[in-house]
Enquirer: 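Quick one: the structure is below, questions incoming.
What you are looking at is a predicted structure, and each value in this text was computed from that prediction instead of being measured.
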Amino acid sequence: MTNSTRSSTTTPVGQVDGLSIPRYAGHSTFARLPRIEDVPRHDVAVVGVPFDTGVTYRPGARFGPAHIRQSSRLLRPYNPALDVEPFAHQQVADAGDIAFNPFDIEAAITQIEHNAYELIRNGATLVTLGGDHTIAYPLLKAVNRVHGPVALVHFDAHLDTWDTYFDTPLTHGTPFRRAAEDGLFVHGHSAHVGIRGSLYSSNDLAADAELGFQIIHCREFQRRPIDAIIEQLRNTIGETPLYVSVDIDVLDPAHAPATGTPEAGGMTSRELLDIVRGFDGLNLVGADIVEVSPAYDHAEITGVAAANLAYEFVSLLAKRP
Ligand SMILES: N=C(N)NCCCC(=O)O
Ligand SMILES: [Zn+2]
Ligand SMILES: [Zn+2]
């Protein structure tokens, strides 16, 4: 495994050219980019974490990374929305999937943190494809080892700050409570976006507020201009290194049917992409896209949304100052 910072001067290896080799042919790496083994160094690694032992309802997010890669074949080299060629000036590589023990959540968390850290310890950035939301906890731990506590922007229908399920502390409904206990994100610089749906009690929101998250509820999207929401988030994040965790169920089930705990009344993929692009110029130090469970997909609707989202993250990284 190789690793390095952006200071290197070698020309990055980009995508397999979709105009000379059909896009549907060849290996299913993310965006038809090189595998990490095939490049001497990387600035950005797209890595899969096929873990779904932490789910409370529909399983299957272990197949998310492969599905998102397959759904990423149409991505082209220029992103007009951010005016950037995301693969031209930074080496982006597909790092394959992190391996872990699927029968032991605690061991898996340790293995995921270790392997994620190995990919970023020399200055590279990870865009992670899940996997269920449990994995955000070890990913945040790895990012903290390099950057310290982050501004965490968490897109999700769910708070994911509950305490335990069946007395188990490490699940996909609890990663951000564990992260709060470890001080992995900065109180007052972090936010949940897209929260909606039924809760266990009215106390859930109060208990969450104590952890230091601002909330932009999904219903706000109906009444507030998106630019005002972006401005609020940018003010919240400030200068703090930014980590973005996207649970694909933040999207309406019409935009992302393939997920384990779907909730009605969600964001459109257009809104989500627009907000993420609104983070242009911020110090993005990592991102994950989780909870894609392909068995519930139709026509790659969810896979395409996730792949395009990953493309926006890589584009933001290409534009870092
Ligand atoms: N992280 C996701 N997708 N869902 C958490 C929902 C936990 C629950 O079943 O209450
Ligand atoms: Zn969720
Ligand atoms: Zn979640």
Enquirer: Do other residues, nucleotides or ligands put more than 12 heavy atoms under 6.0 Å from the CZ atom of Arg145?
Expert: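 Atom CZ in Arg145 is crowded, with more than 12 foreign heavy atoms closer than 6.0 Å.
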Enquirer: Could you see if Val55 belongs to whatever hydrophobic cluster contains Ile68? Use Ile, Leu, Val, Met, Phe, Trp, Tyr and a side-chain cutoff under 4.5 Å.
Expert: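 No, Val55 does not connect to Ile68 through the hydrophobic network.
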Enquirer: Check this for me, if you would: do Arg58 and Asp52 make a salt bridge, where the nitrogen-to-carboxylate-oxygen distance has to be below 4.0 angstrom?
Expert: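 The answer is no: the pair does not qualify as a salt bridge.
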Enquirer: Determine whether a donor-acceptor pair (N or O, by modelled atom type, separation under 3.5 Å) exists between the side chain of Asp249 and the backbone of Thr259.
Expert: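 Not a single qualifying donor-acceptor pair exists.
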Enquirer: For a quick test of reading the model, state the closest non-hydrogen atom pair linking Glu220 to Ile229 and the distance between them.
Expert: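 Smallest heavy-atom distance, with atoms named: O-CD1, 4.5 Å.
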Enquirer: With distance as the sole test, does Glu271 use its side chain to make a donor-acceptor pair with the main-chain N or O of Ile226 at under 3.5 Å?
Expert: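 Checked: no pair found.
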Enquirer: For the NZ atom of Lys319 and the CD atom of Glu85, what is their distance to the nearest 0.5 Å?
Expert: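 Answer for the NZ-CD pair, Lys319 versus Glu85, is 12.5 Å.
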Enquirer: As a test of understanding, state which of Thr128, Asp288, Asp160 forms a side-chain hydrogen bond (donor to acceptor under 3.5 Å, both in side chains) with Ser245.
Expert: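 By the side-chain hydrogen bond (donor to acceptor under 3.5 Å, both in side chains) criterion, Ser245 pairs with just one of Thr128, Asp288, Asp160: Asp288.
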Enquirer: Within a 6.0 Å radius of atom NE2 on His217, are there more than 12 heavy atoms belonging to other residues, nucleotides or ligands?
Expert: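 Above 12, so yes.
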Enquirer: Can you tell me if Thr134 and Asp132 form a side-chain donor-acceptor pair at under 3.5 Å?
Expert: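 Judged by distance alone, the side chains do pair up.
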Enquirer: Decide yes or no on side-chain hydrogen bond (donor to acceptor under 3.5 Å, both in side chains) for Arg320 and Thr125, but give the supporting numbers first.
Expert: CA-CA 11 Å; Arg320 274 180 299 187; Thr125 307; 3.0 Å; yes
Enquirer: Does a salt bridge link Arg178 with Glu181, judged by any charged N lying under 4.0 Å from a carboxylate O?
Expert: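 Result for this pair is yes, salt bridge flagged.
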Enquirer: Given Phe185, which partner from the list Phe176, Tyr137, Phe213 fulfils the ring-ring contact (aromatic ring centres under 6.0 Å, His included) test?
Expert: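 Output: one option passes, namely Phe213.
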Enquirer: Return yes if a side-chain donor-acceptor contact under 3.5 Å exists between Asn283 and Glu239, otherwise no.
Expert: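 Note: Asn283 and Glu239 side chains miss the donor-acceptor criterion.
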Enquirer: Looking at Glu312 and Val276, would you say the former's side chain and the latter's main chain have a donor-acceptor pair under 3.5 Å?
Expert: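 No, Glu312 side chain to Val276 backbone: no donor-acceptor pair under 3.5 Å.
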Enquirer: For Asp167 and Thr164, does a side-chain donor sit closer than 3.5 Å to a side-chain acceptor?
Expert: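 There is no such pair between these side chains.
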Enquirer: Rounded to the nearest 0.5 Å, what's the gap from CG on Leu170 to CD1 on Ile135? Could you check?
Expert: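 If we round to the nearest 0.5 Å, Leu170:CG and Ile135:CD1 are 13.5 Å apart.
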Enquirer: Minimum heavy-atom separation for Ala256 and Leu251, please, with both atom names.
Expert: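 Shortest heavy-atom contact: CB-CB, 3.8 Å.
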Enquirer: Specify the closest pair of heavy atoms between Ser315 and Leu82, including all atoms of both residues, with the distance to one decimal.
Expert: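 Closest heavy-atom pair between Ser315 and Leu82: CB-CD1, 3.7 Å.
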Enquirer: Any idea which heavy atoms bring Val150 and Thr240 closest together, and the distance?
Expert: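 Residues Val150 and Thr240, closest heavy atoms: C-CG2, 3.9 Å.
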Enquirer: With a cut-off of 6.0 Å (strictly less than), are more than 12 heavy atoms of other residues, nucleotides or ligands near OH of Tyr78?
Expert: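 Result for OH/Tyr78: enclosed.
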Enquirer: Is the number of heavy atoms from other residues, nucleotides or ligands under 6.0 Å of Phe279 CZ greater than 12?
Expert: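 Yes, the 6.0 Å shell around CZ holds more than 12 heavy atoms from other groups.
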Enquirer: Report the distance from atom OG of Ser71 to atom CD of Glu300, rounding to the nearest 0.5 Å.
Expert: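 So the gap between those two atoms works out to 3.5 Å.
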Enquirer: May I ask you to say whether Glu118 pairs ionically with Arg121, meaning some side-chain N is under 4.0 Å from a carboxylate O?
Expert: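 Answer for the salt bridge query: yes.
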Enquirer: Under 4.5 Å between any side-chain heavy atoms of Val127 and Leu317, yes or no?
Expert: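 A side-chain contact under 4.5 Å exists here.
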Enquirer: Can any side-chain N or O of Tyr165 pair as donor or acceptor with the backbone N or O of Gly54 at less than 3.5 Å?
Expert: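 No; judged by distance alone, with no hydrogens or angles, the pair does not exist.
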Enquirer: If hydrophobic clusters are built from ILVMFWY residues whose side chains come within less than 4.5 Å, do Phe63 and Val304 share one?
Expert: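 Hydrophobic grouping puts Phe63 apart from Val304.
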Enquirer: Work out which heavy atom in Ile112 is nearest to a heavy atom in Pro138; give both atom names and the distance.
Expert: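 Shortest heavy-atom contact: CG2-CG, 3.8 Å.
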Enquirer: I need the minimum non-hydrogen distance between Gly194 and Cys218, along with the two atoms involved.
Expert: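 Shortest heavy-atom contact: O-CB, 3.4 Å.
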Enquirer: Verify the neighbour count for atom CD of Glu106: are there more than 12 heavy atoms of other residues, nucleotides or ligands below 6.0 Å?
Expert: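 Counting other residues, nucleotides and ligands, CD of Glu106 stays at 12 neighbours or fewer.
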Enquirer: So, Arg69 side chain and Gly96 main chain: donor-acceptor pair closer than 3.5 Å or not?
Expert: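 Between the backbone of Gly96 and the side chain of Arg69 there is a qualifying donor-acceptor contact (under 3.5 Å).
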Enquirer: Spell out, as yes or no, whether a donor-acceptor pair under 3.5 Å connects the side chain of Arg177 to the backbone of Thr161.
Expert: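 Indeed, once roles are kept as given, a pair shorter than 3.5 Å links the two residues.
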Enquirer: So with a 6.0 Å cut-off around CD of Glu231, is the heavy-atom count from everything else above 12?
Expert: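 No, CD of Glu231 has 12 or fewer neighbouring heavy atoms, counting only those of other groups under 6.0 Å.
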Enquirer: Checking side-chain polar atoms at under 3.5 Å, does Arg73 have a donor or acceptor matched by the opposite partner on Ser28?
Expert: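 Yes - a donor-acceptor pair under 3.5 Å links their side chains.
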Enquirer: His189 and Gln214: side-chain hydrogen bond (donor to acceptor under 3.5 Å, both in side chains), yes or no, with the steps?
Expert: CA-CA 8 Å; His189 288 280; Gln214 220 176 76; over 6 Å; no
Enquirer: Going from NE2 on His154 to CG on Asp156, what distance comes out if it is rounded to the nearest 0.5 angstrom?
Expert: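 Spacing of NE2 (His154) from CG (Asp156) equals 3.5 Å.
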Enquirer: Measuring from Met267:CE to Phe221:CZ, what's the distance to the nearest 0.5 Å?
Expert: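 Here the rounded value is 3.5 Å.
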Enquirer: Is there a continuous path of hydrophobic side-chain contacts, each under 4.5 Å between heavy atoms, that joins Val146 to Val143?
Expert: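 In one cluster: yes.
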Enquirer: Between Thr174 and Thr171, do the side chains contain an N or O donor and an N or O acceptor separated by less than 3.5 Å?
Expert: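 On atom types as modelled, these side chains qualify, holding a pair under 3.5 Å.
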Enquirer: Is a donor on one side and an acceptor on the other found under 3.5 Å between the side chain of Asp274 and the backbone of Arg270?
Expert: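 Flag not set: sc Asp274 to bb Arg270 has no pair under 3.5 Å.
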Enquirer: Return yes if a side-chain donor-acceptor contact under 3.5 Å exists between Gln232 and Arg224, otherwise no.
Expert: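 On atom types as modelled, these side chains qualify, holding a pair under 3.5 Å.
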Enquirer: Scan side-chain atoms only and decide if Asp208 and His192 contain a donor-acceptor pair under the 3.5 Å cut-off.
Expert: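 Yes.
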Enquirer: For residues Val290 and Tyr296: do they belong to one hydrophobic cluster (side chain heavy atoms under 4.5 Å, members Ile, Leu, Val, Met, Phe, Trp, Tyr)?
Expert: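 Different hydrophobic clusters.
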Enquirer: Please round to the nearest 0.5 Å and tell me the distance separating atom CZ of Arg32 and atom OG of Ser72.
Expert: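 Interatomic distance, Arg32 CZ to Ser72 OG, rounded to 0.5 Å: 9.5 Å.
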Enquirer: Could you go through Arg41 and Thr10, starting from their C-alpha distance and side-chain angles, then the distance that decides it, and tell me whether this counts as side-chain hydrogen bond (donor to acceptor under 3.5 Å, both in side chains)?
Expert: CA-CA 9 Å; Arg41 42 173 283 276; Thr10 42; 3.2 Å; yes
Enquirer: Quick one: does His42's side chain have a donor or acceptor within less than 3.5 Å of a partner on Leu119's backbone?
Expert: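 Present.
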Enquirer: Mind running side-chain hydrogen bond (donor to acceptor under 3.5 Å, both in side chains) on Glu291 and His172 for me, showing each step along the way?
Expert: CA-CA 9 Å; Glu291 298 285 347; His172 81 153; 2.8 Å; yes
Enquirer: Same hydrophobic cluster for Leu159 and Leu211, using side-chain heavy-atom links shorter than 4.5 Å among ILVMFWY?
Expert: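 No, it is not one cluster - the side chains of Leu159 and Leu211 are not joined through contacts under 4.5 Å.
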Enquirer: Between Ile195, Asp247, Val244, which is the residue that forms a side-chain contact (heavy atoms from CB on, under 4.5 Å) with Phe155?
Expert: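 Passing option: Val244.
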Enquirer: Kindly say whether Pro34 contributes a backbone atom to a donor-acceptor pair with the side chain of Asp38 at under 3.5 angstrom?
Expert: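 Here the side-chain-to-backbone pair does not exist.
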